[in-house]
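In the text below, chain A, chain B and the rest are named by the order of the sequence lines, each starting its count at 1. Bear in mind that the values here come from a model prediction, so they are computed numbers and not experimental data.
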Amino acid sequence: MNNRKISTVRGMHDTYGTSFYKQRSIIESFIKVVSLLNFTPMNTPIIEHSEVFLRTLGDSSDVVMKEMYTFLDKSNDSVTLRPEGTAGIARALISNGFTQNLPQKYFYYGPMFRYERPQQGRLRQFNQVGLEFFGKGSYFEDCEVIRAAHHFLIELDIKKDVKLKINTIGKTDSRKSFIKEIKAYFYSNKKKLSSDSLKRLDRNPLRILDSKAPEDIALLEKAPVIYDFLKTEEVNSFKNVKSTLKELDISFTVDPYLVRGLDYYSDTTFEFTLTKNDRFAVLAGGRYDNLINELGGGKISGVGWAAGVERLESLLLKGPLINLPILLIPTNEKYMNYVLRISNKLYFQNVKNQILDHFNLKKSLKYANKVKAKIVLIIGDEEFKSSKFSLKNLESGTQVTVNEKELFEKIKNE
RNA sequence: GCGACUGUAGCUCAGUUGGUUAGAGCGCUGGUUUGUGGUACCGGAGGCCGUGGGUUCGAUCCCCAUCAGUCGCCCCA
């Protein structure tokens with residue numbers, strides 16, 4: 001009665017085949033790069049107390065307002081599927097007392113959940129790779145995480161498709177006075193604002209800065225600029241970030257309108273976006289001075305970034321080839337034990353292989369084509385009797401009869 | 001949260017101005033070939049036309065809702 005086909009939950013996809021391998025290779029590249037820079041792995045739970053995100057991300061952010069998977073568990077505790085990675089890592093730093101021993105450098109990867117409308121480059125369950133650097137809060141740390149990002153994108157061979165934008169949004173005090181000014185400025189120009197920005201005015205005025213609406217962009221020309229509100233120390237730190245990036249040959253543009261959506265950010269912010277599509281952020285991050293404190297861990301500064309695995313995947317042209325070096329074809333069930341032993345020998349030589357139990361040569365060869373097997377080994381009556389194999393190369397079509405010793409020699413040469 | 005388009009066979013898609021048995025290509029399967037694939041030819045299976053409701057004598061088609069996909073906005077990785 002209820003036997004219609006079941007589907008996935010909206011915005012949550014199955015990953016298999018080429019896509020699976022592509023994602024795995026992205027994560028492998030990530031681990032390779034960040035391990036060389038001595039970031040260490042950390043896994044945090046996918047579910048956290050809702051508080052972890054409520055206290056850090058900011059009440060006004062869209063993530064908190066409408067995108068969190070929050071529910072009561074069976075003890076009536078409010079828990080949330082993590083919408084991002086930083087808050088969990090920061091929580092772990094505090095929970096485990098690692099704040100006593102700085103600096104600490106961590107990387108992570110795994111699924112994140114946001115209840116949004118799915119569209120290009122956006123899913124409700126998606127994977128992120130990311131890293132965090134907790135230390136004294138110097139420009140060196142900013143550059144260190146940007147350096148890691150730069151190497152990562154080169155490793156993936158997509159550095160050529162993206163550009164780096166950086167900015168600073170100052171520390172809390174400077175930012176507060178800046179926000180006060182732009183709020184006043186936009187209020188006095190209220191009638192000229194776009195309807196979207198009108199809504200942002202009270203909730204999150206910083207966001208008006210990176211608005212794409214032409215009427216807003218026109219207003220920005222005469223708007224106050226963050227740099228006029230920075231203290232000397234903040235200005236110098238940003239200068240140092242820029243000169244160090246130049247030293248590292250990491251090209252960037254300074255975008256005074258680059259702001260971050262989450263409340264915990266301060267000082268340096270950065271974003272790698274597609275050169276041909278400014279809105280497509282591939283990797284983004286920044287510094288956060290208040291996050292640890294919000295979670296009760298004291299005044300510790302951190303800087304980090306996250307990148308969307310599926311977004312990166314969409315930029316990779318070629319996935320790894322899925323192939324099968326050897327397919328073992330017994331023509332009769334009575335040879336199975338023998339074939340299993342051969343399969344094990346191949347396994348211990350690190351040769352990927354599969355046994356097919358069709359016991360029908362024609363079907364088996366058709367299957368071999370489909371799975372792109374390079375070589376098939378046929379074991380039938382004649383072969384079994386004489387302890388030999390018919391070794392057929394499916395690409396060339398040639399077939400030879402070999403004994404076990406010759407078989408392994410031949411395979412080594414392939 | 002707002003908006004646009006789409007949903008017919010395993011896949012890609014035709015189609016019906018509302019009318020009896022809903023089509024193609026690819027794929028699958030059987031045979032020509034009882035141990036030799038990728039080619040060719042001949043057969044076959046496979047569809048509550050996304051789901052629920054409404055209008056109608058009659059709905060896959062029209063209307064409403066809902067679910068899913070794709071794409072914009074908002075926002076973000």
Margin query: Please determine whether a side-chain nitrogen of the Lys or Arg among Glu406(A) and Lys388(A) lies less than 4.0 Å from a carboxylate oxygen of the Asp or Glu.
Written below: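 Answer for the salt bridge query: no.
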Next item on the list: Look at Lys246(A) together with Asp249(A) and state whether they make a salt bridge at an N to O cut-off of under 4.0 Å.
Entry: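 Result for this pair is no, no salt bridge flagged.
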Next item on the list: In sequence, state the C-alpha distance, the side-chain angles, and the governing distance for Asp255(A) and Lys165(A), and then conclude on salt bridge (charged side-chain N to carboxylate O under 4.0 Å, His left out).
Entry: CA-CA 6 Å; Asp255(A) 178 354; Lys165(A) 293 187 296 187; 3.8 Å; yes
Check: Base, sugar-phosphate, or nothing: which does Lys212(A) touch, judged by heavy atoms less than 4.0 Å apart?
Finding: nothing
Note to self: Categorize Gly85(A) for me: base, sugar-phosphate, or nothing, with a 4.0 angstrom heavy-atom threshold over every strand shown.
What the structure shows: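 Since no nucleic acid heavy atom lies under 4.0 Å of Gly85(A), the category is nothing.
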Counting only Watson-Crick pairs (N1-N3 plus N6-O4 or O6-N4) and G-U wobbles (N1-O2, O6-N3), all under 3.5 Å, who is the partner of [N]?
N       : result
rU16(B) : none
rA65(B) : rU51(B)
rG58(B) : none
rA4(B)  : rU70(B)
rG43(B) : rU29(B)
rG37(B) : none
rC76(B) : none

Margin query: Without decimals, in angstroms, what is the distance between Leu198(A) CG and rC2(B) P?
Written below: 20 Å
Rounding to an integer number of angstrom, what distance separates [N] and [M] when you compare their [atom1] atoms?
N       : M       : atom1 : result
rA65(B) : rU20(B) : C1'   : 30 Å
rU16(B) : rG50(B) : P     : 16 Å
rG38(B) : rC5(B)  : C1'   : 40 Å
rC42(B) : rA4(B)  : P     : 49 Å
rU55(B) : rG44(B) : P     : 42 Å

Is any side-chain N or O of [X] closer than 4.0 Å to OP1 or OP2 of [N]?
X         : N       : result
Gln119(A) : rG72(B) : yes
Arg117(A) : rC75(B) : no
Lys370(A) : rC28(B) : yes
His13(A)  : rG69(B) : yes

Margin query: Return whichever of Leu123(A) or Ala373(A) has its heavy-atom-nearest nucleotide of RNA chain B closer to the 5' end.
Written below: Ala373(A)
Would you say the side-chain atoms of [X] and [Y] include a donor-acceptor pair closer than 3.5 Å?
X         : Y         : value
Tyr264(A) : Asn293(A) : no
Ser314(A) : Arg311(A) : no
Glu294(A) : Thr56(A)  : no

Any donor-acceptor pair under 3.5 Å between the side chain of [X] and the base of [N]?
X         : N       : value
Lys362(A) : rU36(B) : no
Arg279(A) : rC75(B) : no
Gln120(A) : rU70(B) : no
Glu383(A) : rG35(B) : yes

Next item on the list: Compare the minimum distances between each of rG37(B), rA77(B), rG35(B) and the side chain of Ser390(A), then state the nucleotide with the smallest one.
Entry: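 Given the options rG37(B), rA77(B), rG35(B), the side chain of Ser390(A) is closest to rG35(B).
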